[in-house]
Amino acid sequence: KSFNVSSVIYNGTGVYTVNITTAMSGTTYSVVASCGINVDFNQGIIPVVFGLTTPPYYEAPSTTSFRLSYLNMGASAWLNPHVATVAIFD
């Protein structure tokens with residue numbers, strides 16, 4: 001279900017922009033993200049909210065969108081998860 005997410009844009013391997021339908025009341029909202037991958041994989045994958053793949057590695061959220069990236073910790077590389085979930089709290 002979308003619940004206030006208008007679209008998710010694929011920006012490249014492991015990098016997405018989540019667009020919000022009705023703007024948040026400010027830029028101090030909270031985002032919780034998780035992911036899963038469907039292979040024999042014993043390295044950690046972490047979702048990086050408000051993250052960029054190049055320095056300074058942080059992008060301030062706006063009230064209508066935020067950046068979400070998925071990092072393979074073992075390989076120090078971005079990757080596309082098979083399953084991803086996001087919850088946004090204003």
Please list every donor-acceptor pair under 3.5 Å in which a side-chain atom of residues 24-32 meets a protein atom from a residue at least two apart or in another chain.
from	atom 1	to	atom 2	distance (Å)
S25	OG	D90	OD1	2.9
S25	OG	D90	OD2	3.3
Y29	OH	S62	O	2.7
Y29	OH	S65	O	3.2

W78/L71 under side chain to side chain contact (heavy atoms under 4.5 Å, CB included): CA gap, chis, key distance, verdict: CA-CA 5 Å; W78 303 101; L71 178 64; 3.7 Å; yes
Cluster check Y10, V18: I/L/V/M/F/W/Y, side chain < 4.5 angstrom: yes
Over all atoms of both residues, closest heavy-atom pair of G14 and N80: N-OD1, 2.6 Å
Side chain to side chain contact (heavy atoms under 4.5 Å, CB included) against N11, all qualifying residues, sequence neighbours excluded: I9, V15, T17, R67
side-chain hydrogen bond (donor to acceptor under 3.5 Å, both in side chains) against T85, all qualifying residues, sequence neighbours excluded: S34
Value rounded to 0.5 Å, distance of CG in N4 from OG1 in T21: 5.0 Å
Partner residues of A77 under the side chain to side chain contact (heavy atoms under 4.5 Å, CB included) criterion, sequence neighbours left out: A75
Close side-chain approach of V5 and I88, heavy atoms under 4.5 Å: yes
Qualifying residues under side-chain hydrogen bond (donor to acceptor under 3.5 Å, both in side chains), relative to Y70, sequence neighbours excluded: none
Side chain to side chain contact (heavy atoms under 4.5 Å, CB included) evaluation trace for V86 with Y16: CA-CA 12 Å; V86 176; Y16 303 84; over 6 Å; no
Closest heavy-atom pair and its distance - L68, A33: CD1-CB, 3.9 Å
side-chain hydrogen bond (donor to acceptor under 3.5 Å, both in side chains) involving S7 - partner list, sequence neighbours excluded: N19
